[in-house]
2 protein chains.
Amino acid sequence: MTGGRRSSPAGDRPPVGCDRLSRGENLYNHGITPSTVRSALSSIHDVARAAGVSVATVSRSFTSPDAVAEATRARVLAVAQELRYAPNRAARGLITGRTGNVGLIVPDLGNPYFHGVLQGAQARARLADYAVFVADGQESAAEEEALIDAMRKQVDGIVLGSSRLAPVRLAALDHSPTVVLVNRRVAGRPSVVVDSADGMRQAVSHLAQLGHRRCAYVSGPRRSWSDRQRRRGLRAAAAAHEIEVVALGPVPPQFESGLRIAEAVVRSEATAVLAYNDLVAVGILRRLAELRIAVPEELSVIGFDDIPLAAMVRPALTTVALPTLRAGEAAVEILLDGLSAAGPRRPAARTLPATLIRRATTAAPRAT
Amino acid sequence: MTGGRRSSPAGDRPPVGCDRLSRGENLYNHGITPSTVRSALSSIHDVARAAGVSVATVSRSFTSPDAVAEATRARVLAVAQELRYAPNRAARGLITGRTGNVGLIVPDLGNPYFHGVLQGAQARARLADYAVFVADGQESAAEEEALIDAMRKQVDGIVLGSSRLAPVRLAALDHSPTVVLVNRRVAGRPSVVVDSADGMRQAVSHLAQLGHRRCAYVSGPRRSWSDRQRRRGLRAAAAAHEIEVVALGPVPPQFESGLRIAEAVVRSEATAVLAYNDLVAVGILRRLAELRIAVPEELSVIGFDDIPLAAMVRPALTTVALPTLRAGEAAVEILLDGLSAAGPRRPAARTLPATLIRRATTAAPRAT
DNA sequence: ATGAAAGCGCTAACAT
DNA sequence: ATGTTAGCGCTTTCAT
């Protein structure tokens, strides 16, 4: 593409942009062809010089195309492409106050739940030509705050997934840049949450219809907002369906927790168990199999999240699907919206629906 | 017009931090204390003024502490903390040529293999106080190149995981910033690869010892460097152990592929199957269970990667562990090393060992 | 429609 | 040891 077409009036100009290169790059570039050497390090000045216009015109050609004459713009753009020039976003940000970046901070990059959020956020950001920083808070509130501070000036907004920060700290956060919460709700902050209380309702109702009367719930981290939502949903639904609840846990939201808690589930004499998340549910499933307890015949199991794993185990896990990908997208969308919005407005608070996915780990309880 | 901002040419600038805030942020900040409101947007000038020193001294207090008097530095740092000042890295980068960022590009953020790489890269980068951009190439070479271009000026280096680029394109890539390859080897480029050929050797040798004489291999993407390594390792090891090989595939490296290929594996009459990766292996496992074919009694199965999933399924998957986390770490390490190194030197090429993890999907073939 | 020049926040000479 | 100043690459008045 680079070599062939020379339709522009700039075609006969000498190959420019090499003066920058001589700074030392070419120490590396021994046997490399000219087309390779043509560096991406050209600046707006190189383009201006090569196109025979001022830097202002080059800048305008990129940022407000209508402000420059058709022919000029075409020439500038052609030269720019030839030189592989693209505006330096950091420099641009210095003056515009916009970085073109967003940050994503999650408590644990190892948790599949956040992979969906990351994927969604990244995809949505890319659509708007935004780049995303990602960082792992290591389940620590302090680290999370440190990361926010580190990112602050480099981004136009931060998506905070399942923040481990206390509500007060969350509320006290700076408003620049904007922080969008995922899986948390705090007054005055934009957020996107999943209606997991309703998901719980669906799960319990499903169990009730199957005839279960006594269910166990293995709860997640005590300070987790999601867990509180689920417990709330559980209380309400259980009452409505006259189901007895055995509370187990709390446990860390991991596979190993499931392994460990499984026997307690059995001892509880519940005919069904709801786990804080799929990871725990799959752990339970695994241990149950070792214990030779048939699922779903002897015990029904329901998870939360619908991570890919849920469909891969055997029997396939019935679970409450939480749209993590969409949550990531939505968070970035809110961020971007807020940036383009003229004035301040009340913070967006999106709620995404949860959906029960019936697979193979739920059935009627064994007749007693 | 927003009058306040860039008014006075004569230096007497208004307290920036505050006028920024008044743009509307504090509409949200009702009952919040002054110390909270004090924005993080203060610049080096604010600190200099408040500490009664020049901006140069403030700068030095951060970048070369020894160059300023003990007492002065203490005062500056105190004021800085009070003002919640931290140097703007974009501005710093403009002059130093260092951004303090690295980029990570992978073909598919949904693939668990890359989650390890991401985690490792992020952790290692954070250790050096670097931030990481992450992007999803969507299994497309073109998108990958576009992402590289988009990142180029914002990072000091790029980690390219399992690049889908053709070798020529890879070789033709700019050397600024440095690109470190993961799971690819190309002349003149730093890289970290996992010795999966040796991993394959271990797997085949294990199978041979168990008594298998006929094995199937379900290969991954044709253009995948890893797949070529594995086939190479397989050929050699199979020859050495006098094992007959049935080649199946290629298939996309996903769970569903395993589901689909399982029957072909059975028809192949191999007594063991090696899958391109764990995802495919687990898919095979799943379908085999439906087919009521006992694993490992009737068929042994081995995967590659050792993603968390491998230990969670039942029976637990025997697999060749590839140190993805370490690969991510190593890649960033190489990047950082290269940045601090004085002159150019021959590109680092790290090879990480693969390890066979024997779990429950391999056993001696059924006596015939 | 275009150009000259100021300046975003910072660091690195070059003074003092 | 500290201050002054010249930019880094860019956008944006303000002139022309």
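Lettering of chains follows the sequences in order, A, B, ..., and the numbering in each one begins at 1. Because only heavy atoms are used, hydrogens play no part in the values below, and waters and symmetry mates are left out as well, while side chains stay in.
- In this structure, B:Leu104 CG and B:Phe133 CZ are separated by 12.0 Å, a value rounded to the nearest 0.5 Å.
- As rounded to whole Å, 19 Å separates atom P of C:dC8 from atom CZ of A:Arg92.
- Remark: C1' of D:dC10 and CD1 of A:Ile44 are 6 Å apart, rounded to the nearest angstrom.
- In terms of the side-chain hydrogen bond (donor to acceptor under 3.5 Å, both in side chains) criterion, residue partners of B:Asp156 (sequence neighbours excluded) are, by chain and number, B:Thr99, B:Tyr130.
- A salt bridge does not link B:Glu144 with B:Arg164: none of the charged nitrogens is closer than 4.0 Å to a carboxylate oxygen.
- Contact annotation: A:Thr96 side-chain N/O to D:dC10 OP1/OP2 distance is not under 4.0 Å.
- Note on the helix from C:dA1-D:dT16 to C:dT16-D:dA1: angle between the axes of the first and last five pairs equals 40°, rounded to 10 degrees.
- Of all heavy-atom pairs spanning B:Leu170 and B:Ser163, the tightest one is CD1-OG, 3.6 Å.
- Out of D:dG7, D:dT2, C:dG9, the shortest distance to the side chain of B:Ile95 is found at D:dG7.
- Salt bridge annotation for B:Asp129-B:Arg89: present, with a cationic side-chain nitrogen under 4.0 angstrom from a carboxylate oxygen.
- Nucleotide C:dC10 holds its C1' atom 14 Å from the CG atom of A:Asn88, rounded to whole Å.
- In this structure, A:Arg49 atom CZ and C:dG3 atom P are separated by 14 Å, rounded to whole Å.
- B:Asp46 places its CG atom 8 Å from the P atom of C:dG9, with the value rounded to the nearest Å.
- A straight line from CD of A:Glu70 to P of C:dT2 spans 11 Å, rounded to a whole angstrom.
- Between the NE2 atom of B:His45 and the C1' atom of D:dT5 there is a distance of 11 Å, rounded to whole Å.
- The pair B:Glu143-A:Arg126 meets the salt-bridge criterion, since a charged nitrogen lies less than 4.0 angstrom from a carboxylate oxygen.
- Distances shorter than 4.0 Å separate none of the side-chain N or O atoms of A:Ser43 from OP1 or OP2 on D:dC8.
- In this structure, B:Leu94 and B:Ala67 both approach DNA chain D, and ranking their closest nucleotides by distance from the 5' end singles out B:Ala67.
- Using a distance-only test at 3.5 Å, with no hydrogens or angles considered, no donor-acceptor pair links the side chain of A:Thr72 to the main chain of A:Val68.
- Rounded to the nearest 0.5 Å, atoms CG (A:Leu173) and CG (A:Leu165) are 6.5 Å apart.
- Of the residues in residues 52-66 of chain B, those lying under 4.0 Å from DNA chain C by heavy-atom distance are B:Ala56, B:Ser59, B:Arg60, B:Thr63.
- The interatomic distance linking A:Asp156 (CG) with C:dC8 (C1') rounds to 15 Å, in whole Å.
- The existence of a salt bridge linking A:Arg60 and A:Asp66 is excluded, since no basic side-chain nitrogen approaches an acidic carboxylate oxygen closer than 4.0 Å.
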